[in-house]
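Before any comments, here is the structure.
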Amino acid sequence: MTTKNLRVFTREQVEKHSKPDDLWIIIDAKVYDVSRFKDMHPGGIAVLLDEDIPGQDVTEAFYGLHLHEVLERPQYKRLQIGTIVEEQPVIYSRIIGEASNIPYAEPTWLSEGYHSPYFKESHRRLQHAVREFIDDIVYPDAQAHEIDGKRPSQSVIDKMAELNIHAMRMGPGKHLKGLTLMEGTVDPEEFDYFHELVVNQEITRCGARGYGDGLNSGCVIGLPPVLNFGSPELKSKIVPEVLGGKKFICLAISEAHAGSDVFGLQTTATKTEDSKHWIINGHKKWITNGVFADYFTVGCKTEDGFTVILVERCEGVSTKPIKTSYSSTAGTAFITFDNVKVPVENTLGEEGGGIFVMLSNFNHERWVMCCSSARSQRLLIEACLKWIMQRKAFGKPLASLAVIRSKVAQMIARTESVQNWLENLTYQMCNMTYIEQAKRLAGPLAFLKMYSTRCAQQTAVDAVQIFGGRGITQSGMGRLIEHYYRTVPFDSLLGGAEDVLADLGVRQAMRGMPKNARL
Ligand code: HEM
């Protein structure tokens, strides 16, 4: 039914429709005729016939049991037959591009009345443009494919390429030169890590963890070694097609035998007799985007130690999906290299110098993960704040229970501290060369990643307690919480397990200790 067919009723008129075969209800000043729908109601008929429901305003009861988006679904929207005279609906769904007005649902710099030393006008312009694009184009695709497991739609990848979003996710640098970013919203010359943070955090708002990884995150971690260590010829071939969304790349480091321990890797690369090619043998496991990748940035054991080599999909390369606890939309793969012949020109960095290539890459990868982790924790805060205000238990809103408020307090404090530390380190990155970042920020970024993923896991546990059974149910009001609780360990493992990172940070600090330091 279109808006123009809607009629206007008084509350007294609605009250008269209170029989099983003539059953109207009011939700947020809108009148619904559920006479026929009651037989199909997923929550059953009986609840709709309870004495407080027929002909009544059921707004509070409805929002204690359903997401607002239920009323936006076409099959339910058409149940609306009118509105209440001289009353306006006040509850609305997310408006494309708009900031949330729920406290702490946005970082301080996006919250009205607050200030930031880091974010300038160009960051705000970019944030607004990217949010609009993500809400409008990416969010629906993310929600659909997180469930059906299909890879992100090529049309979305293409639109992101048109706006040069893939390029922006590589951070500032020469690869942006001459590009029009987000239809000219920000100049390539002024693009810095805070702009990249904005892009990363806006993508995370889709609230679909597997899809988020499926959405070219292989490029975010697999392309930088090509950009920073590839030959000019290699770059001119690979970079435009990957950033243009025509080809896909992934980072292939971890194996069944070794994950965080890169020196334990067993995939080998040996030179042919004429030294013109590498022959690669071995396998890689848990490789994000590997299922559909055209290029693989592969960590190999070589005569001189550890070397990173770019492999193009060819004879001898086979990939098969691994079923993990998030969606197969991420394209997580088990990869086998069986006598794969690769030109030596595909070596990234020095032969035997792979550890430097990897370490410098890890910093950016971990920082990206911190951006996402900080942002996703806010999604939970927003959901929990709404839930505790609208849900009643023991005859009063959940928010009236001190124990619930205490959990939310911890969530907010953790998220704010992660975001603030992240902004500080982002500022350091903006003021350091890539080499300086590799030297000075490996420790702090390792700590930040460890800290943010621990915070995220605690927040997930708390949110499940707050949502109860709905926090472990894949549909309905706790859908986001269930999804987050199930997928949050990914952040704590990818890019380095928490304990490994914590130890790395302390060892870096120990190396920096002055020789004459005594207590
Ligand atoms: C236009 C009116 C309504 C529509 C379109 C509607 C639709 C739905 C849908 C789609 C579900 C499945 C769960 C979900 O997707 O969230 C559901 C569940 C449910 N509904 Fe409704 N509903 C309406 C009104 C009501 C009313 C007035 C009540 C009574 C207070 C009610 C009680 C329930 C209950 C108890 C469940 C099961 C919830 C759960 O398992 O967590 N519904 N409804």
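When a ligand or atom number is given, it counts from 1 through the structure's own listing order.
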Measure across Pro489 and Tyr485 and return the closest heavy-atom pair with its distance rounded to 0.1 Å.
-> CD-O, 3.9 Å

Considering only non-hydrogen protein atoms, determine which one is nearest to atom 24 (C) of ligand 1 and report residue, atom name and distance to 0.1 Å.
-> Phe62 CD1, 3.7 Å

Heavy atom of Arg73, distance to ligand 1 below 4.0 Å = yes

Ligand 1 atoms nearer than 4.0 angstrom to some heavy atom of Phe37 are 3 (C), 4 (C), 5 (C), 6 (C), 7 (C)

Considering the heavy atoms of Arg470, write down every atom of ligand 1 situated less than 4.0 Å from one of them.
-> 39 (C), 41 (O)

Near-ring test Phe9/Trp24, centroid separation under 6.0 angstrom = yes

With heavy atoms under 4.0 Å as the rule, classify the contact between Ile53 and ligand 1 as side chain, backbone, both or neither.
-> side chain

Tabulate below the donor-acceptor pairs under 3.5 Å that side-chain atoms of residues 467-480 make, not counting sequence neighbours, or state none.
{"unit_1": "Thr473", "atom_1": "OG1", "unit_2": "Gly469", "atom_2": "O", "d": "2.7"}
{"unit_1": "Gln474", "atom_1": "NE2", "unit_2": "Glu482", "atom_2": "OE2", "d": "3.3"}
{"unit_1": "Arg479", "atom_1": "NH1", "unit_2": "Glu69", "atom_2": "OE2", "d": "3.3"}

Between Leu48 and ligand 1, which residue portion shows a heavy-atom distance shorter than 4.0 Å: side chain, backbone, both, or neither?
-> side chain

Side chain, backbone, both or neither: which part of Met477 comes within less than 4.0 Å of ligand 1 when only heavy atoms are counted?
-> neither

Could you tell me whether some N/O pair between Tyr32 and ligand 1 is separated by less than 3.5 angstrom?
-> no

Looking only at N/O atoms, are His66 and ligand 1 under 3.5 Å apart anywhere?
-> yes

